[in-house]
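Residue numbers run from 1 in the order of the sequence given.
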Amino acid sequence: MQRLALFDLDNTIVDRAAGFRLWAQEFCARHELSPREVDWMVEADGDGLTPKETFFARVRERFMLADSVTTLWAAYRERHPALIPACNGALIGLARLRQAGWKVGLITNGFAATQTSTIILSGVVQYVDGWAISGAEGVRKPERRLFEIAAERCGATLAGGGWMIGDSAAADVGGGKTAGLRTVWIDRGRSWPHDMSEPDHVVADAAEAVAVLLAAAAEGVSQQPSRGNTGPIRTVTGSSPRHSHLT
């Protein structure tokens with residue numbers, strides 16, 4: 001079966017959360033704000049889900065800044081991607097997959113310039129075969145078309161099956177299932193939404209996800225979506241078992 005692995009970018013392959021906190025620390029220092037304001041900014045950002053127009057309007061009002069929302073946002077877009085590191089073990093994992101004959105792609109929602117900069121500056125560009133960014137393609141996860149584009153960029157098609165790995169229940173797992181892919185959810189310590197169809201596997205990070213894929217390939221597990229109601233498999237590496245967050 002086709003060895004195709006599509007990964008989400010933010011908080012899956014790169015640590016956007018860590019990068020944002022670094023940016024907030026720099027911002028506070030530059031504007032001579034209390035370091036305690038960093039936590040407020042992280043909360044206001046909503047893990048990247050707060051629209052940036054809203055976020056920077058709140059920042060400007062809270063700190064009584066002279067710069068416009070447009071100016072603040074432009075400076076953020078230029079600086080933030082340079083501060084985002086790859087997640088621990090993620091690049092080694094991607095290299096292992098490619099060495100094992102896998103096609104590896106990225107599929108991410110976001111602005112084209114920002115996400116492209118993140119892919120390049122984090123070093124991820126050297127470990128993937130292609131990517132699809134919603135801002136460049138005019139379509140967003142969980143819509144199937146973005147998955148199709150990502151697969152095509154890797155020289156594959158969704159018809160051959162494969163895997164989708166990410167931290168969003170709706171965009172990554174839900175979208176991956178719609179695209180006909182097996183799914184791995186990176187839980188980041190969260191509980192799975194009980195009103196959604198469960199992923200095939202639940203892991204802590206991209207490194208564990210890679211272990212799942214390599215094990216599945218070695219065991220000859222079908223790359224097609226699983227059937228039945230057996231539920232997801234909590235996959236754990238290392239010596240300290242982690243409790244499932246699905247119950």
Side-chain angles (χ1 to χ4, degrees), residues 7-95 106-128 131 133-136 140-141 165-169 171-172 186-191 203-209 245:
F7 288 84
D8 172 47
L9 181 64
D10 292 331
N11 295 324
T12 294
I13 297 300
V14 300
D15 193 342
R16 183 207 176 266
F20 184 85
R21 181 168 286 275
L22 287 173
W23 173 83
Q25 290 169 349
E26 284 191 359
F27 185 91
C28 288
R30 184 180 312 112
H31 293 276
E32 299 182 341
L33 305 173
S34 168
R36 292 190 295 272
E37 296 292 352
V38 170
D39 288 337
W40 178 87
M41 297 181 77
V42 169
E43 182 177 357
D45 173 65
D47 206 24
L49 298 179
T50 302
K52 287 296 170 285
E53 300 96 326
T54 302
F55 172 75
F56 282 109
R58 295 180 63 189
V59 167
R60 186 173 185 267
E61 179 181 6
R62 181 178 179 87
F63 304 125
M64 297 181 289
L65 301 176
D67 289 337
S68 68
V69 169
T70 300
T71 298
L72 293 170
W73 190 6
Y76 167 85
R77 291 199 304 270
E78 180 177 354
R79 181 57 177 156
H80 184 221
L83 298 174
I84 302 175
C87 293
N88 289 336
L91 300 188
I92 293 175
L94 297 185
L106 299 173
I107 175 170
T108 177
N109 289 341
F111 292 99
T114 301
Q115 298 300 74
T116 300
S117 293
T118 299
I119 292 167
I120 294 172
L121 295 175
S122 64
V124 175
V125 65
Q126 303 176 53
Y127 297 87
V128 296
W131 59 78
I133 301 172
S134 66
R140 295 175 58 86
K141 291 183 295 182
I165 304 94
D167 71 313
S168 171
D172 298 323
I186 296 177
D187 64 13
R188 299 174 63 203
R190 301 162 299 168
S191 298
V203 299
D205 54 32
E208 284 191 5
H245 293 277

Inset, instruction - Kindly determine whether T116 and I133 satisfy side-chain contact (heavy atoms from CB on, under 4.5 Å), including the steps that lead there. - result: CA-CA 8 Å; T116 300; I133 301 172; 3.3 Å; yes
What pair of heavy atoms forms the shortest contact from [X] to [Y], and how long is it?
X    : Y    : result
V14  : C87  : C-SG, 3.4 Å
A207 : G89  : CB-O, 4.1 Å
D187 : A204 : OD1-CA, 4.1 Å
L9   : I119 : CD2-CG1, 3.9 Å
S134 : N109 : OG-CA, 3.1 Å
R140 : G110 : NH1-N, 4.2 Å

What do you reckon, is [atom1] of [X] surrounded by more than 12 foreign heavy atoms closer than 6.0 Å?
X    : atom1 : value
I120 : CD1   : yes
E53  : CD    : yes
R36  : CZ    : no

Rounded to the nearest 0.5 Å, what's the gap from [atom1] on [X] to [atom2] on [Y]? Could you check?
X   : Y   : atom1 : atom2 : value
F56 : L65 : CZ    : CG    : 10.5 Å
D15 : I84 : CG    : CD1   : 9.0 Å
E37 : H31 : CD    : NE2   : 12.5 Å

Within the 4.5 Å heavy-atom criterion, are [X] and [Y] side-chain neighbours or not?
X    : Y   : value
D205 : N88 : no
F27  : V59 : yes
Q25  : L83 : no
V38  : C28 : yes
R21  : D39 : yes
D8   : I13 : no
W40  : F63 : yes

Hey, does the side chain of [X] reach the backbone of [Y] with a donor-acceptor pair shorter than 3.5 angstrom?
X    : Y   : value
D167 : T12 : no
R60  : D67 : yes
T50  : A44 : yes

Inset, instruction - Quickly, which of V125, T118, V128 forms a side chain to side chain contact (heavy atoms under 4.5 Å, CB included) with L106? Name it, please. - result: V128
Inset, instruction - Assess the side chains of Q115 and D10: does a donor N or O sit below 3.5 Å from an acceptor N or O? - result: yes
Inset, instruction - Quick one: do D45 and R16 satisfy side-chain contact (heavy atoms from CB on, under 4.5 Å)? Show the steps, please. - result: CA-CA 11 Å; D45 173 65; R16 183 207 176 266; 2.8 Å; yes
Legend entry - Salt-bridge contact D172-K141 (side-chain N to carboxylate O under 4.0 Å): yes
Legend entry - R190 and D47 ion-paired at < 4.0 Å: no
Inset, instruction - Could you tell me whether F20 and F55 have their ring centroids closer than 6.0 angstrom? - result: yes
Legend entry - Stacked cation flag R77 on W73, 6.0 angstrom / 45 deg: yes
